[in-house]
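This report refers to the structure that appears directly beneath it.
Throughout, a chain's letter reflects where its sequence line sits, starting with A, and its residues are numbered from 1.
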Amino acid sequence: MSQDGGCYTWIWTCFFEYSTPKILLIRSRKVGAINRFIQAVIIGYVIGYVCVLKKGYQETDTVLSSVTTKVKGIALTNTTAMGLRVWDVADYVIPPQVPTKPEKEEESSFFVMTNMIITPGQNQSHCPEIPSATANCSSDGDCMAGFSDTRGNGVQTGRCVNYSASAKTCEVLAWCPLEEDVDPPEPPILAAAENFTVLIKNHIRYPKFNFSRRNILPHINSTYLTNCVFSRTTDPDCPIFRLRDIVSEAQEDFQDMALNGGVMGIQIRWDCDLDMPESWCVPKYTFRRLDNKDPENTVAPGYSFRFAKYYSDGEVETRTLIKAFGIRFDVMVFGKAGKFNIVPMLLNVGAGLALMGLVTVVCDWIVLTFMKKKNIYKEQKYSYVDDFELLSEEIP
Amino acid sequence: MSQDGGCYTWIWTCFFEYSTPKILLIRSRKVGAINRFIQAVIIGYVIGYVCVLKKGYQETDTVLSSVTTKVKGIALTNTTAMGLRVWDVADYVIPPQVPTKPEKEEESSFFVMTNMIITPGQNQSHCPEIPSATANCSSDGDCMAGFSDTRGNGVQTGRCVNYSASAKTCEVLAWCPLEEDVDPPEPPILAAAENFTVLIKNHIRYPKFNFSRRNILPHINSTYLTNCVFSRTTDPDCPIFRLRDIVSEAQEDFQDMALNGGVMGIQIRWDCDLDMPESWCVPKYTFRRLDNKDPENTVAPGYSFRFAKYYSDGEVETRTLIKAFGIRFDVMVFGKAGKFNIVPMLLNVGAGLALMGLVTVVCDWIVLTFMKKKNIYKEQKYSYVDDFELLSEEIP
Amino acid sequence: MSQDGGCYTWIWTCFFEYSTPKILLIRSRKVGAINRFIQAVIIGYVIGYVCVLKKGYQETDTVLSSVTTKVKGIALTNTTAMGLRVWDVADYVIPPQVPTKPEKEEESSFFVMTNMIITPGQNQSHCPEIPSATANCSSDGDCMAGFSDTRGNGVQTGRCVNYSASAKTCEVLAWCPLEEDVDPPEPPILAAAENFTVLIKNHIRYPKFNFSRRNILPHINSTYLTNCVFSRTTDPDCPIFRLRDIVSEAQEDFQDMALNGGVMGIQIRWDCDLDMPESWCVPKYTFRRLDNKDPENTVAPGYSFRFAKYYSDGEVETRTLIKAFGIRFDVMVFGKAGKFNIVPMLLNVGAGLALMGLVTVVCDWIVLTFMKKKNIYKEQKYSYVDDFELLSEEIP
């Protein structure tokens, strides 16, 4: 056509060309109704699900959080090993440092000792090993000098000595006297820990929205803070928690858990819709036991570890070995905030509308397969170019 | 048409059928110009924003990092409780371990004690409680044996004794003498901590690209390392930081912060374009105060915790209780690296080009609504099949 | 057409209108074959890559994990500083607490001391500084009272004293005697640590699927657990690892690593297809050295830190300074689980099918450019509306 107008004209023509698909408009009640119905479903989905339910018009951000914890409480114990003794924070929170984990970690944990097996006055010397398959002996020949069992307490000296009136075991070089292999004391030594309280200070930030907030809400004053204790019904905003309440909110018994130790999760959830008033953005506290208290779990149930306090009189070093049982509290902060933003809104609405393409596919299939007048529609919709050699004589 | 060639022919025909939409080509300056302009905008967006700005042709990876810190410095103090005393790393970095956090955590922190309230020579005995609403008394009747206030320091014995010449408080069984309830000493005891230095070794890895790098850059030799101190202007690559500089880079005053303690963030950012020379991939250090120094924050401002050192002469256990104030430094490593990869490039360019579909929608709307010759275009673009009963007589 | 039926009729008509593109069907062996081939490639990609390889029909979740570790073992050492001495867990695992990191962190680490430089009996007093550029002196004039070098050990008193028969250094107020600046002892003092074992208890959870599992598999009983040691060939399910095996699996030598310390990664991978039987979901253990043992890395290689144990006889405080070298083991848990879900399946299949749009683009290009009969096709596919003034006389 225009190609004979010279090269210049041809480029000119090409540049100003606009191609648009040719459309067949079918005016029919049935087809139209199906068409509009499917369109309505898709628009309903975009508005209802994407916009209202999923808040697709919002930009979201996940929480950055920092947590500080401060435990308070005093316990009085009366044991044969130590006599009457008072325990304060520096004694039962181990390691001593009240940990504040940094922003990127979103969690913090502290350990409160609730029970213990104490072995005071240990020093490096010789004593009989605790009876076991590898330690029992009847004569020196059963013991091997220098041998140390991985599950034993020391290095054998090669001698077989009396462990008790009835049993003989190999002598070991070890921190003697050895810790006795017994179950933790019942009731737990620091049963009074159930009345300890912990102040949890949590500062969160949504960096995308430059939004900060603390779990000590604006209406909380310092008089209230020095007296309140969290209670889901009466004091839901108080950031001071009694340990027993934390455990019982998780449907557990504190004294049971204190015996062998365990791990409790303190979950703080900050889900905020920043299109709403700021005061609606409040933390929700939930509590959950994290370790497995499965009775089949016979391998070292609970939560315990050993540590020692070392003393020296300048010549001999002695230590007090403590097998500590207790509850580790993990403070975990979760959260997602959303705020209106034009970009995700356009993206989500756009993606929703792209589904409109489905309408044609479905309607075409219905129209060309099930409608009585399908042949009329086909004739109008399709043109044909036949190019088969074997069929060529059939082309009109 | 060809269906009468039998079933075989019909399948054959179907299989070798190709359907393509029929297109109306409009050759018009106005329409063409609009068409090309919208196309140019979309291509410009794809190239400019997706490819150049967002580097959509790159595969990205986030950093894995491990951090080691080593604090150095000596401080001399002269207090009534301890006399003249020298403090070294093992004394003021708590817990003692220089922490190296593993790869997946991307952060590491260490605490430097800057101020303290020391209560030496505590042992389990009786002494009057610190005056408070629940501890003040006038006679033994005001005190309850066995009672322990959560905010108190011990378990009451039931006796009311002289706390001072003017005040009487309940006697408690506790670690006596009790810690005095005073503000931290001013100026801070370890004010000299501002001159301490910390060596931060940071090793990063981009696992997808098998790319590793250290913040001790290749041109740094060990002579330089033993003498340099980070300075944004003169020594921007030195990984040794003076604590005062860290704090002042964050627009804070070290002595202010040392008094009550606080939390400082040391942010190391590794944003690398791995299509560029490797030597361009260098860390950027920024410093930020992380805790809230809000004056309204009356509830335990700063950063402090209590710990105790236990001593024993074999019979009586004594302890030195230390309420430590100090600065926790959180080293946080961030980073993203990109490298050319064909897959994300195709994906991004493809998604960009999918926008081309918009051109037809917009142009169709303009052409069929605003152009003078819109009826000519409509006639050509649309065919009609009318199927309304009530309109059926109108169909030509 | 129907617009003359009044406003009501017009809306009616519009509402029940359905527009579908007009299609040209080309029946040709060549074009059809190309068309079907490209379709087959895309369907093959969707089924083969998206569905089978990438399991696009599955919803995925990442693992939440909690880890507990328990080290066991006894070592016997014989040094001049301490004589014959037995070391147990409370002595060589630092900090004492066996750490269990909470669910969100996915990792846990413990440090086993393997070598050390011990300086017992330090107390606050005067002694000559370790020789160095700033500490060497020939007379009191070279020393400055009150000066403390960041890299030194104490605060100078201003006097120049004999360090040895041949060298004089400034006297410092410090914890004396000072730690000698020597290389770590070789062979490592706690070389026997290679036989220590660690029990790693790992409990994982896929919250989306409410699926939990432990690395102590159901078929493991407690008798087996007390005796087994992990071995890739004979005991691949035993969760007790000998430290030497961990190091040698990573192609490293334990004694080499024990000398200066280092960091080992214990990676537990839980990749589970939850459409398969639950018993197929088992952990895979791999081991890797994490720190850089690069010989060029002359700045403080290995992994070491200083800590002190404090003693007091009631008047003078003494401490034992320990520079500990050792191996930090980082337990890292990775994992992804997938389970059939209709939503991601539809999304992935849909996205795959959207690629079908490419078929038309490619085929059109081939048909209209390379086929002999391209002009016939063009005539059928395109209609033209020419609207150029300068070309208007050319329009037929």
Which portion of A:Thr318 sits near chain B, non-hydrogen atoms under 4.5 angstrom: neither
Looking only at non-hydrogen atoms, find the nearest pair between A:Thr20 and B:Asp364 and report the distance. OG1-OD1, 2.7 Å
Decide yes or no for B:Lys22 and A:Ser383: does some side-chain heavy atom of the first lie under 4.5 Å from some side-chain heavy atom of the second? yes
Most contacts with chain B, counted as non-hydrogen pairs under 4.5 angstrom, among A:Leu24, A:Ile376, A:Asp91: A:Asp91
B:Val367 versus chain A, heavy atoms under 4.5 Å apart: side chain, backbone, both or neither? side chain
Answer yes or no: are there more than 12 heavy-atom neighbours, outside B:Phe37 itself, under 6.0 Å from its atom CZ? no
Flag the pair A:Ile23 / B:Lys381 as yes when at least one side-chain heavy-atom distance between them is below 4.5 Å, and no otherwise. yes
Within-4.5 Å side-chain heavy-atom neighbours: A:Lys309 and B:Lys309: no
For B:Leu321, which atoms come within 4.5 Å of any heavy atom of chain A: side chain, backbone, both, or neither? side chain
Donor-acceptor pair, A:Tyr18 side chain versus B:Thr360 backbone, under 3.5 Å? yes
Taking atom CD1 of B:Ile26 and atom OG of A:Ser19, what is their separation to the nearest 0.5 Å? 9.0 Å
Near A:Asn210 CG, under 6.0 Å, is it more than 12 heavy atoms from other residues, nucleotides or ligands? no
For A:Ile220, is it the side chain, the backbone, both, or neither that has a heavy atom closer than 4.5 Å to a heavy atom of chain B? neither
Do you know which two heavy atoms are closest between B:Val155 and A:Val86, and how far apart they sit? CG2-CG2, 4.2 Å
Side chain proximity check, B:Ser304 to A:Lys70, heavy atoms < 4.5 angstrom: yes
Looking only at B:Gly154, B:Ala324, B:Ala174, most heavy-atom pairs under 4.5 Å shared with chain A are made by B:Gly154
Heavy-atom pair with the smallest gap, counting every atom of A:Ile74 and B:Asp149: CG1-O, 4.3 Å
For residues A:Tyr311 and B:Tyr310, determine if any side-chain heavy atom of one lies less than 4.5 Å from a side-chain heavy atom of the other. yes
Can you tell which of B:Ala33, B:Cys363, B:Ser148 has the highest number of heavy-atom pairs within less than 4.5 Å of chain A? B:Cys363
Any heavy-atom pair between the side chains of A:Asp88 and B:Trp175 that's under 4.5 Å? yes
